[in-house]
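The structure displayed is predicted, hence computed values, not measured ones. Naming convention: chains lettered A, B, ... in sequence-line order (proteins, then strands); numbering from 1 in each chain.
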Amino acid sequence: MNNVLNRMRWQYFTLRNPYLFSLLLLVLAMLVNLFFQPDLLSRGSLNSNMRVFLPLVLVTAGQAVVILGGGIDISVGSIVSIVNAILATQLGSNASPEKIALMLGAVLLVGMAAGAINGFFISYLRLQPIITTYATSFLYAGVALFILPSPGGAVPNGISSFYRETTPLGLPLTLYVIPLILIAWYLLRQTRYGGYLYAVGGKADAAYETAVPVNAVQFSTYVISGLMAAFGGIAITLLTGSGSATIGADITLTSITAVVIGGTALRGGVGGVAGAVLGAITLGLFKNIISFANVNLWWQTFVNAAIIVVALAAPGAINLLRRTIGSRTRQHPTTGQERQA
Amino acid sequence: MKHLKILMVLAMVATLVAACAPAATPTAAPTTAPTTAPAQPTTPPAVAPTTAAAQPTTPPAATGKKFTIGISNSFISSEYRTQMIQELKDVNAEYMAAGITNDLVIESADTDVPGQIQQLQNLMNKGVDAILVNPGDISGLNATLEEAVSKGIIVISVDQALNAQGVYDVGIDQYLWAKTSAEWLAQKLNGTGNIVEIEGVPGHPANVLRMSAVDDVLKNYPNIKVLGKQTGNWDEATGQQVMSNFLSAFPNLDGYWTQDGMAIGAMQAVLAANPAKFPVGVGEGRCQFLQLWNQRLQQDPNYETIAVANPPGVSPTGLRIAVNMLEGKKVDTTKLGGPSGTQFVIPIPVIVTKDNFQQVFTTDCANKPASYLLDGIMTDAEVQQFFLK
């Protein structure tokens with residue numbers, strides 16, 4: 001009986017705090033990284049790492065919202081590329097501050113529009129999210145290639161070095177953005193919309209019957225994802241200072257991996273943005289570990305992937321262990337609900 | 001009991017993460033100038049004994065500090081890059097034996113631009129003296145590379161010219177590379193005929209340079225008509241498919257121009273279709289292609305094609321240049337060329353035509369895997385031409 005209570009407490013706890021495991025993982029990764037790279041937390045290293053991680057963090061935050069709502073967005077990488085292509089071609093190295101502000105606003109709208117197209121197909125035309133966004137990913141990649149046929153272009157040096165080098169109060173600029181995301185998410189979570197999001201992701205039919213505007217909520221998740229992808233595109237443009245129409249291609253799958261490592265279930269309704277953000281940083285730290293641990297060249301890809309697989313499997317493994325231990329109760333195989341034997 | 005099992009799982013995770021630990025210890029060594037290293041003055045590699053005597057003793061060399069060179073590579077799934085990495089290790093082994101350099105610090109994985117920026121930052125963090133980068137993007141790494149230059153690190157971009165302040169490039173002239181085979185094709189067709197073109201990744205700088213060379217050559221041959229132009233994305237299978245489509249659309253094709261691995265695919269497509277009129281095509285400097293060439297020669301002893309080497313050896317040549325720069329030699333800027341005037345232009349080492357086919361096929365490709373790319377690495381003595389005496 002004690003076991004059952006224990007387990008219920010554990011499940012309740014992990015359900016309430018989906019980011020817990022990802023936090024644990026992040027701390028673990030950071031400790032291992034620190035062991036190999038003692039100056040990881042120095043201002044220079046922290047800044048150079050965080051400015052590289054931020055684009056993924058931003059995209060992942062949006063991806064997490066979509067996945068929470070029961071969908072998936074394969075087109076985020078292409079939206080990043082469009083934004084990058086627009087900025088690199090439209091700004092050039094001598095843009096005025098007004099033009100910069102105007103273009104930044106414009107690309108955010110472009111990102112939201114791209115997300116709205118996804119959302120329209122999925123929530124109103126009822127198409128499969130994975131197929132729809134896979135298809136639009138090529139559409140958007142094509143647009144990016146049309147805008148910027150060959151790599152190049154530029155953004156003003158000032159804003160690029162502002163992003164790369166500013167460290168207010170000794171902390172990287174990028175480190176201020178992450179709390180902003182978390183606060184925004186915390187506030188959103190408190191609203192009625194936040195509740196709807198989990199309801200739609202958990203069980204859309206049931207949510208519909210309880211008068212949740214399912215379509216609108218689903219639609220909105222893609223707009224949010226498009227917006228966050230646009231922010232990610234801005235960050236990547238400032239990081240590289242130039243444009244390439246394929247720059248976002250690799251971000252898509254990495255963002256989904258980060259979301260899952262962050263404790264959000266791909267089936268939707270379980271998890272949160274906080275864990276996803278931690279997951280994105282953790283993935284970046286994994287790469288550092290591989291680098292500083294001097295893993296043999298031809299094993300680098302394998303070891304990196306193996307760590308990710310273990311990280312993905314770990315929560316499942318822990319839960320499996322907990323289930324096998326409780327021999328006196330049986331569990332429903334999928335819902336995890338328990339009943340007395 | 002439960003806690004024990006959880007601990008076990010955590011321990012398993014930890015061991016896996018830490019599995020790489022034993023290899024880690026040497027990392028610290030290169031950055032903290034090994035005082036235990038033999039105090040001998042830096043000696044040049046055995047291959048260039050003559051230039052060595054006149055070599056000025058530079059501050060770093062005087063302390064007996066060995067140089068550490070970092071490699072950043074963002075793409076591993078090609079024979080070119082595999083051969084490049086192996087040759088870099090081989091050439092560095094020479095300098096290591098001479099007590100000049102430490103083990104290479106190699107960052108190599110399929111990665112995107114932010115990933116390669118992270119690679120470069122990690123190399124800087126490890127305190128390397130020089131970085132050889134095969135960039136995955138033509139301008140996205142510039143800010144990071146310039147940061148490395150500002151830290152006093154010698155940065156050389158191999159196989160791709162960049163436009164970053166203080167960054168040198170080492171590579172062949174891609175324009176000339178393509179012009180050579182395009183000119184050959186045009187002359188072989190006697191300036192008349194219908195051809196098709198299969199190009200590499202559209203927008204990639206090397207492809208842009210190559211295609212502009214082809215266009216420029218064909219301008220001089222108004223009777224050569226380009227019936228079609230498609231991309232094979234530098235992929236052998238895609239090249240084969242595109243060529244098959246071309247052959248069924250234009251059965252009387254006179255010739256075709258293509259580049260790199262796609263040439264093997266295109267040749268296989270032509271061999272498979274075996275058209276009544278075998279088109280004149282352009283090949284590539286890889287042993288696998290020479291095998292196909294040889295196969296065709298069995299059927300048609302008069303068959304002709306051309307293979308211009310795109311040598312991975314430019315990277316180890318770049319390594320030699322980096323070592324010489326680290327030793328304090330001054331670059332003779334009048335010898336540099338390329339788009340931004342900071343390129344060490346490496347001559348194309350091998351051009352295979354019917355005249356030297358047998359010789360190359362039986363010597364250069366003997367005992368080599370089919371994937372071997374015809375190559376050439378400059379010796380330490382040869383790279384001295386780029387430095388002031």
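Atom CG in B:D112 sits 6.5 Å away from atom CD1 in A:I236 (nearest 0.5 Å). The structure places OG1 of A:T240 at 6.0 Å from CD1 of B:I117, a figure rounded to the nearest 0.5 Å. To the nearest 0.5 Å, atom CD of residue B:E147 and atom CD of residue A:E165 are 6.0 Å apart.
Using a 4.5 Å cut-off between heavy atoms, B:I76 contacts chain A through its side chain alone, with no backbone atom that close. Interface remark: B:D137 contributes side-chain atoms only to the contact with chain A (heavy atom separation under 4.5 Å). Only the side chain of A:D39 comes within contact range of chain B, judged by heavy atoms closer than 4.5 Å. Looking at A:P151, the atoms closer than 4.5 Å to chain B (heavy atoms on both sides) sit in the backbone and in the side chain alike. Looking at B:E107, the atoms closer than 4.5 Å to chain A (heavy atoms on both sides) sit in the backbone and in the side chain alike. With a 4.5 angstrom heavy-atom cutoff, B:Q119 does not touch chain A via any of its atoms.
The two residues A:V52 and B:P114 come nearest to each other via the heavy atoms CG1-O, 3.4 Å. Across B:I138 and A:G152, no two heavy atoms sit closer than the pair CG2-N, 4.4 Å. Minimum interatomic distance between A:D250 and B:T111 (heavy atoms only, all atoms of both residues): OD2-C, 3.9 Å. Scanning both residues, B:S139 and A:G243, for their nearest heavy atoms gives OG-O, 4.3 Å.
Counting heavy-atom pairs under 4.5 Å between each of A:P38, A:G248, A:S48 and chain B puts A:S48 at the top. Chain A forms more heavy-atom pairs under 4.5 Å with one residue of B:N73, B:T144, B:V208 than with any other, namely B:T144. Looking only at heavy-atom pairs under 4.5 Å with chain A, the residue among B:N207, B:N142, B:V201, B:I85 that has the most is B:I85.
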Practice problem: Take A:W298 and B:T82 through the side chain to side chain contact (heavy atoms under 4.5 Å, CB included) test and state the conclusion after the steps. | Solution: CA-CA 10 Å; A:W298 304 114; B:T82 312; 3.9 Å; yes
Quiz prompt | B:Q118/A:N288 under side-chain hydrogen bond (donor to acceptor under 3.5 Å, both in side chains): CA gap, chis, key distance, verdict | solution = CA-CA 8 Å; B:Q118 196 178 351; A:N288 274 358; 2.8 Å; yes
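When the heavy atoms of residues 157-166 of chain B are compared with those of chain A, none of the residues falls under 4.5 Å.
Counting only distance, with no hydrogens or angles, the side chain of A:Q300 and the backbone of B:A109 share no donor-acceptor pair below 3.5 Å. Between the side chain of A:S291 and the main chain of B:N122, no donor-acceptor pair closer than 3.5 Å is present.
Judged by distance alone, the side chains of A:S45 and B:N125 do bring a donor and an acceptor atom under 3.5 Å apart.
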